[in-house]
Amino acid sequence: MEYPMRIAGEAVKSSHSRTVQLPYDGSAVGTIFEADPAQVVVAVASASAAAHVMREMTLHERAAILRKAYLKLLERADIFAQAISSESGKPIKEAKLEAERSALTLLFSAEEAHRLTGEVVPMDASPAGKGHWAMTVREPLGVIAAITPFNFPLNLSIHKIGPALAAGNAVVHKPASATPISAVLLAELLLECGLPKGALNVIMGPGGTIGQQLVTHKDIAMITFTGSPEVGLHLRHLAGMKRVTLELGNNGAVIIMPDADLDEAVARCVAGSYAHSGQVCISVQRIFVQNDIRGEFLDRFVAQTEKLRVGHPFEASTDISSLITEIEAERVAGWIKEAVDSGATLVTGGARNHATLSPAVVIDVPATAKLSCREAFGPVVGINRCQTLDEAIARVNDSEYGLQAGIYTRDIRTAFQAARRVHVGGFMINEIPQYRVDQMPYGGVKRSGTGREGPKYAIEEMTEPKLICWKV
Ligand code: NAP
């Protein structure tokens with residue numbers, strides 16, 4: 001099946017077609033068309049024209065489109081789940097959850113359109129403000145370039161597109177080259193729900209050429225990017241005066257204290273380490289377990305990990321399927337070997353079959369190993385010892401990243417001391433760092449990025465407060 005781009009509401013092909021493959025076995029999923037430079041220019045021009053239309057639409061009209069899209073996406077959840085699983089290799093049961101979450105992200109965006117408001121400014125708090133009243137209104141920015149990664153191809157796209165449209169912007173979306181199909185299906189769905197032509201354009205092609213041409217176009221007002229820190233930093237350097245939000249990587253850490261509920265901690269940490277083969281930006285990658293319970297935690301963790309079913313992503317019972325490419329699986333296997341060569345022990349897993357890697361547990365990973373200090377983005381977790389809370393917090397903070405982290409403890413003071421001292425964008429008590437609901441503020445510190453997503457917070461990033469002042 002062919003999946004043309006969407007420019008100015010039309011299905012558009014080009015002379016550069018490419019086959020999208022199922023990462024698990026390389027089988028063909030569909031044909032897509034990569035933009036040529038002239039088509040990028042047309043996409044931005046079409047968005048610029050539509051931005052005027054979007055800006056004039058009432059909040060009620062924008063919210064109605066997004067609410068219709070929420071209902072339609074729920075109706076088509078199975079079709080979207082199949083597309084997500086096919087292009088990304090995500091196990092079908094996780095792809096279904098992503099489709100359902102994506103619908104909710106549209107609903108939250110619709111609701112936030114109703115809440116788009118400014119504030120009254122207390123002008124006469126200054127002597128010179130006497131007799132003046134003022135208010136702010138939030139205005140859309142214009143055309144937003146949305147660049148998205150492969151790991152949540154639908155929901156992370158909607159986290160940009162939903163709030164952008166709710167706020168009255170137009171969008172040019174460049175999805176990851178590996179996972180462009182759900183983006184096209186989403187654009188079709190929004191058009192069916194009454195979105196003006198050109199308000200959402202989807203172009204495909206390599207990030208280094210087509211993506212870069214898009215973000216450097218003079219008519220782009222904002223770049224909203226989710227992906228790797230390397231590309232994110234590069235885009236920030238290119239951005240000039242454009243507004244930029246960056247949702248980047250992490251090496252998610254969780255602390256397990258001796259008074260933790262071990263049943264819950266083990267089950268949640270296993271889930272958080274291996275969902276989508278660890279290709280989740282808030283995946284559990286580093287676990288710091290207090291020495292007194294380390295043996296018991298490890299035994300239970302390994303036993304549960306070994307029960308996970310590795311297999312084809314379309315099978316309902318599959319827990320772990322392939323990584324996005326064989327090269328990525330080789331890289332992660334190489335990082336496990338590097339950790340073992342530097343003193344760690346591989347307790348289970350780590351066997352590679354093409355792009356698939358069995359879930360691995362590595363213990364006592366040196367802080368200098370890549371498996372500790374970089375983002376693994378694979379089905380592997382390091383379980384490490386610690387003695388005190390201070391030591392555990394220091395090791396969690398010993399990271400270039402700071403997206404989310406967590407602690408398991410029944411002691412409220414311990415929990416809140418950790419919450420206060422761990423330097424991250426979100427901290428979870430008795431929950432894994434991989435926990436996210438789509439309306440919460442979400443984003444990182446340090447190399448994990450700048451800005452926040454979650455429709456309410458993304459809308460703040462995607463609008464400009466304009467002051468209107470009058471003398472009474
Ligand atoms: P990536 O390689 O950085 O790619 C992300 C997107 O950027 C893709 O659409 C890519 O296009 C595009 N791109 C690459 N180079 C570009 C350039 N020079 N100019 C413009 N666009 C460019 O990331 P990925 O491998 O898809 O995703 C994995 C990363 O995303 C991990 O680091 C993960 O932590 C991060 N992530 C973060 C969050 C978060 O919310 N913080 C969520 C999910 C994922 P091509 O595909 O064509 O290269």
Side-chain angles (χ1 to χ4, degrees), residues 16 18 20 23 32 34-35 40 87-90 98 101 105 145-160 172-183 202-217 220 223-239 242 244-252 275-285 323-325 327-328 331-332 374-378 399-404 424-426 433-434 436 438 440-454 457-458:
H16 318 288
R18 188 170 60 76
V20 176
I32 58 110
E34 298 191 334
V40 179
E87 60 186 357
S88 72
K90 179 174 289 188
E98 179 177 347
R101 278 181 63 183
T105 309
I147 312 260
T148 50
F150 73 83
N151 61 335
F152 284 83
L154 184 62
N155 197 28
L156 293 181
S157 301
I158 293 178
H159 265 288
K160 301 183 179 316
V172 182
H173 178 204
K174 198 217 79 72
S177 291
T179 56
I181 293 174
S182 44
V202 181
I203 56 169
M204 301 168 194
T209 52
I210 293 305
Q212 192 149 320
Q213 185 193 347
L214 170 65
V215 298
T216 51
H217 192 293
I220 296 294
I223 303 162
T224 169
F225 173 82
T226 300
S228 59
E230 294 71 26
V231 176
L233 272 171
H234 176 62
L235 295 187
R236 179 171 280 293
H237 287 131
L238 292 177
K242 296 178 167 80
V244 182
T245 58
L246 301 173
E247 299 288 342
L248 309 177
N250 194 36
N251 56 356
H276 197 13
S277 284
Q279 299 170 116
V280 181
C281 48
I282 37 179
S283 197
V284 176
Q285 181 177 328
L323 277 80
I324 193 69
T325 60
I327 293 173
E328 280 297 287
R331 176 188 59 75
V332 178
R374 292 181 51 189
E375 179 182 36
F377 229 56
S399 170
E400 291 186 319
Y401 300 103
L403 192 47
Q404 296 202 145
V424 285
Q434 210 197 69
R436 179 182 187 187
D438 292 284
M440 74 186 209
Y442 177 77
V445 298
K446 301 194 265 185
R447 252 169 94 84
S448 291
T450 53
R452 292 292 177 270
E453 287 195 339
Y457 309 94

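Everything quoted here is computed from the prediction, not taken from an experiment. Remember, it's 1-based here, ligands and their atoms both numbered in the order they're listed.
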A.B. asks: Heavy atom to atom 37 (C) of ligand 1, shortest distance: which of Leu248, Thr209, Thr325 holds it?
C.D. replies: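 Closest candidate by heavy-atom distance is Leu248.
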
A.B. asks: With side-chain contact (heavy atoms from CB on, under 4.5 Å) as the criterion, how do Lys446 and Tyr401 come out once you've worked through the C-alpha distance, each side chain's angles and the decisive distance to 0.1 Å?
C.D. replies: CA-CA 5 Å; Lys446 301 194 265 185; Tyr401 300 103; 5.9 Å; no

A.B. asks: How close does the nearest protein non-hydrogen atom get to atom 31 (C) of ligand 1, and which residue and atom is it?
C.D. replies: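 For atom 31 (C) of ligand 1, the nearest protein heavy atom is Glu375 OE1, 3.4 Å.
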
A.B. asks: Identify, for atom 18 (N) of ligand 1, the protein heavy atom at the shortest distance, and state residue, atom and that distance.
C.D. replies: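 Going by distance alone, atom 18 (N) of ligand 1 is nearest to Gln212 OE1, 3.0 Å.
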
A.B. asks: Whether the side chain of Ser448 engages the backbone of Gly249 through a donor-acceptor N/O pair (distance < 3.5 Å, no angle test) should be reported.
C.D. replies: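 Confirmed, Ser448 side chain pairs with Gly249 backbone.
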
A.B. asks: Select the closest option to atom 47 (O) of ligand 1 among Ser177, Pro180, Gly444, Ala183, judged by heavy-atom distance.
C.D. replies: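 Going through Ser177, Pro180, Gly444, Ala183 one by one, Ser177 has the nearest heavy atom to atom 47 (O) of ligand 1.
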
A.B. asks: Are any non-hydrogen side-chain atoms of Gln285 and Gln434 less than 4.5 angstrom apart?
C.D. replies: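 Side-chain contact under 4.5 Å: no.
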
A.B. asks: Please state which protein non-hydrogen atom is closest to atom 27 (O) of ligand 1 and give its distance, to 0.1 Å?
C.D. replies: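 Going by distance alone, atom 27 (O) of ligand 1 is nearest to Pro149 CB, 3.3 Å.
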
A.B. asks: Is Val280 touching ligand 1 with its side chain, its backbone, both, or neither, if touching means heavy atoms under 4.0 Å apart?
C.D. replies: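 Neither part.
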
A.B. asks: Quick one: does ligand 1 sit under 4.0 Å from the side chain of Phe377, the backbone, both or neither, non-hydrogen atoms only?
C.D. replies: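 The part of Phe377 near ligand 1 is the side chain, not the backbone.
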
A.B. asks: Heavy-atom distance under 4.5 Å between the side chains of Lys90 and Gln279, does that happen here?
C.D. replies: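 They are not in side-chain contact.
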
A.B. asks: Which of these passes side chain to side chain contact (heavy atoms under 4.5 Å, CB included) with Pro149: Leu156, Thr179, Ile324, Leu248?
C.D. replies: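 For Pro149, the side chain to side chain contact (heavy atoms under 4.5 Å, CB included) test succeeds with only one of Leu156, Thr179, Ile324, Leu248, which is Leu156.
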
A.B. asks: Nearest to atom 25 (O) of ligand 1, what protein heavy atom do you find, and at what distance?
C.D. replies: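 For atom 25 (O) of ligand 1, the nearest protein heavy atom is Phe150 CE2, 3.5 Å.
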
A.B. asks: Numbering the atoms of ligand 1 from 1, which are under 4.0 Å from a heavy atom of Ala176?
C.D. replies: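 Listed by number with element, the hits are 8 (C), 9 (O), 46 (O).
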
A.B. asks: Please state which part of Val231 comes within less than 4.0 Å of ligand 1, counting heavy atoms only: side chain, backbone, both or neither.
C.D. replies: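 Val231 to ligand 1: side-chain contact only, backbone stays beyond 4.0 Å.
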
A.B. asks: For the residue pair Met204 and Ile210, establish whether any side-chain heavy-atom pair is separated by less than 4.5 Å.
C.D. replies: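 They are not in contact (no side-chain heavy atoms under 4.5 Å apart), so the answer is no.
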
A.B. asks: Report the C-alpha separation of Val231 and Ile147 in whole Å, then their side-chain angles, then the decisive distance to 0.1 Å, and conclude whether the side-chain contact (heavy atoms from CB on, under 4.5 Å) test is met.
C.D. replies: CA-CA 11 Å; Val231 176; Ile147 312 260; over 6 Å; no

A.B. asks: Walk me through it: do Leu233 and Arg447 pass the test side-chain contact (heavy atoms from CB on, under 4.5 Å)?
C.D. replies: CA-CA 9 Å; Leu233 272 171; Arg447 252 169 94 84; 3.5 Å; yes

A.B. asks: Give the C-alpha distance, both sets of side-chain angles, the deciding distance and a yes or no for side-chain contact (heavy atoms from CB on, under 4.5 Å) between Lys160 and Thr148.
C.D. replies: CA-CA 9 Å; Lys160 301 183 179 316; Thr148 50; 3.8 Å; yes

A.B. asks: Look at atom 4 (O) of ligand 1 and say whether a protein heavy atom is found at less than 4.0 angstrom from it.
C.D. replies: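 Given the 4.0 Å limit, the answer for atom 4 (O) of ligand 1 is no, no protein heavy atom qualifies.
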
A.B. asks: So is Gly443 in contact with ligand 1, going by heavy-atom distances below 4.0 Å?
C.D. replies: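 For ligand 1, residue contact (heavy atoms, under 4.0 Å) with Gly443 is absent.
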
A.B. asks: Where on Thr148 is there a heavy atom closer than 4.0 Å to ligand 1, on the side chain, on the backbone, on both, or on neither?
C.D. replies: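 Under 4.0 Å from ligand 1, Thr148 contributes backbone atoms alone.
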
A.B. asks: Any side-chain heavy-atom pair from Val424 and Gln404 closer than 4.5 angstrom?
C.D. replies: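 In short, these two side chains do not touch, never coming nearer than 4.5 Å.
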
A.B. asks: Considering only heavy atoms, which of Ala178, Ser448, Ser228, Gly207 lies nearest to atom 20 (C) of ligand 1?
C.D. replies: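 Nearest option to atom 20 (C) of ligand 1, by heavy atoms: Gly207.
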
A.B. asks: Answer yes or no: is there a side-chain heavy-atom contact under 4.5 Å between Phe152 and Cys281?
C.D. replies: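 With C-beta onward as the side chain, the pair stays apart.
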
A.B. asks: Looking at Leu403, which atoms of ligand 1 are within less than 4.0 Å of one of its heavy atoms?
C.D. replies: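 Atoms satisfying the 4.0 Å criterion: 41 (N).
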
A.B. asks: Which ligand 1 atoms does Lys174 reach within 4.0 Å, using its non-hydrogen atoms?
C.D. replies: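 Once the distances to Lys174 are compared, the set is 9 (O), 11 (O), 45 (P), 47 (O).
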
A.B. asks: Working to the nearest 0.5 Å, report the span between CG of Asn250 and CZ of Phe377.
C.D. replies: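 Here the rounded value is 10.5 Å.
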
A.B. asks: Give the atoms of ligand 1, by number and element, whose distance to some non-hydrogen atom of Pro175 is under 4.0 Å.
C.D. replies: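 Near Pro175, meaning under 4.0 Å from one of its heavy atoms, ligand 1 has 9 (O).
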
A.B. asks: Side-chain contact test, heavy atoms from C-beta onward, threshold under 4.5 Å: evaluate it for Arg236 versus Phe225 and give yes or no.
C.D. replies: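 A side-chain contact under 4.5 Å is absent here.
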
A.B. asks: Under 4.0 angstrom from ligand 1, any heavy atom of Ile147?
C.D. replies: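 Distance cut 4.0 Å: Ile147 passes for ligand 1.
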
A.B. asks: I'd like to check which ligand 1 atoms, numbered from 1 as shown, lie under 4.0 Å from a non-hydrogen atom of Gly205.
C.D. replies: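 Once the distances to Gly205 are compared, the set is 47 (O).
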
A.B. asks: So do the side chains of Ser88 and Asn151 get within less than 4.5 Å of each other, counting heavy atoms only?
C.D. replies: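 In short, these two side chains do not touch, never coming nearer than 4.5 Å.
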
A.B. asks: If you define the side chain from C-beta out and look only at heavy atoms, does anything of Val172 sit under 4.5 Å from His217?
C.D. replies: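 No. Closest side-chain heavy atoms not under 4.5 Å.
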
A.B. asks: So is Tyr442 touching ligand 1 or not, going by heavy atoms under 4.0 Å?
C.D. replies: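 In this structure, Tyr442 qualifies as a contact of ligand 1 - some heavy atom is under 4.0 Å.
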
A.B. asks: Under 4.0 Å from a heavy atom of Pro206: which atoms of ligand 1 are those, numbered in the order shown and with their elements?
C.D. replies: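 Contacts of ligand 1 toward Pro206, numbered from 1: 47 (O).
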
A.B. asks: Side chain, backbone, both or neither: which applies to His234 and ligand 1 if a contact is any heavy-atom pair less than 4.0 Å apart?
C.D. replies: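 Only the side chain of His234 comes within reach of ligand 1.
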
A.B. asks: To which protein heavy atom is atom 35 (C) of ligand 1 closest, and what is the distance rounded to 0.1 Å?
C.D. replies: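 That would be Gly227 O, 3.1 Å.
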
A.B. asks: When you look for heavy atoms under 4.0 Å from ligand 1, do you find them on the side chain of Leu235, its backbone, both, or neither?
C.D. replies: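 Answer for Leu235: side chain.
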
A.B. asks: Given the rule in the salt bridge (charged side-chain N to carboxylate O under 4.0 Å, His left out) test, do Arg101 and Glu98 qualify, once you have shown the distances and angles that lead to the verdict?
C.D. replies: CA-CA 5 Å; Arg101 278 181 63 183; Glu98 179 177 347; over 6 Å; no

A.B. asks: I need the atoms of ligand 1 closer than 4.0 Å to a non-hydrogen atom of Leu156, numbered in the order shown.
C.D. replies: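 The atoms of ligand 1 under 4.0 Å from a heavy atom of Leu156 are 42 (C), 43 (C).
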
A.B. asks: Consider ligand 1: state whether an atom of it lies below 4.0 angstrom from any non-hydrogen atom of Gly208.
C.D. replies: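 It does, in that a heavy atom of Gly208 comes within the 4.0 Å cut-off of ligand 1.
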
A.B. asks: May I ask you to list the atoms of ligand 1 that are less than 4.0 angstrom from any heavy atom of Thr226?
C.D. replies: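 So the answer, numbered in order with elements, is 5 (C), 36 (N), 37 (C), 38 (C), 39 (C), 40 (O), 42 (C), 43 (C), 44 (C).
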
A.B. asks: Checking Thr245 against Glu453 for the side-chain hydrogen bond (donor to acceptor under 3.5 Å, both in side chains) test, could you report, in this order, the C-alpha distance in whole Å, the side-chain angles of both residues, the deciding distance, and whether it holds?
C.D. replies: CA-CA 9 Å; Thr245 58; Glu453 287 195 339; 5.0 Å; no

A.B. asks: Please work out, at 4.0 Å between heavy atoms, whether the side chain, the backbone, both, or neither of Glu453 comes within that distance of ligand 1.
C.D. replies: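 Contact part for Glu453 vs ligand 1: neither.
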
A.B. asks: Nearest heavy atom to atom 36 (N) of ligand 1: which of Cys281, Gly449, Gly232, Pro153 does it belong to?
C.D. replies: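 That would be Cys281.
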
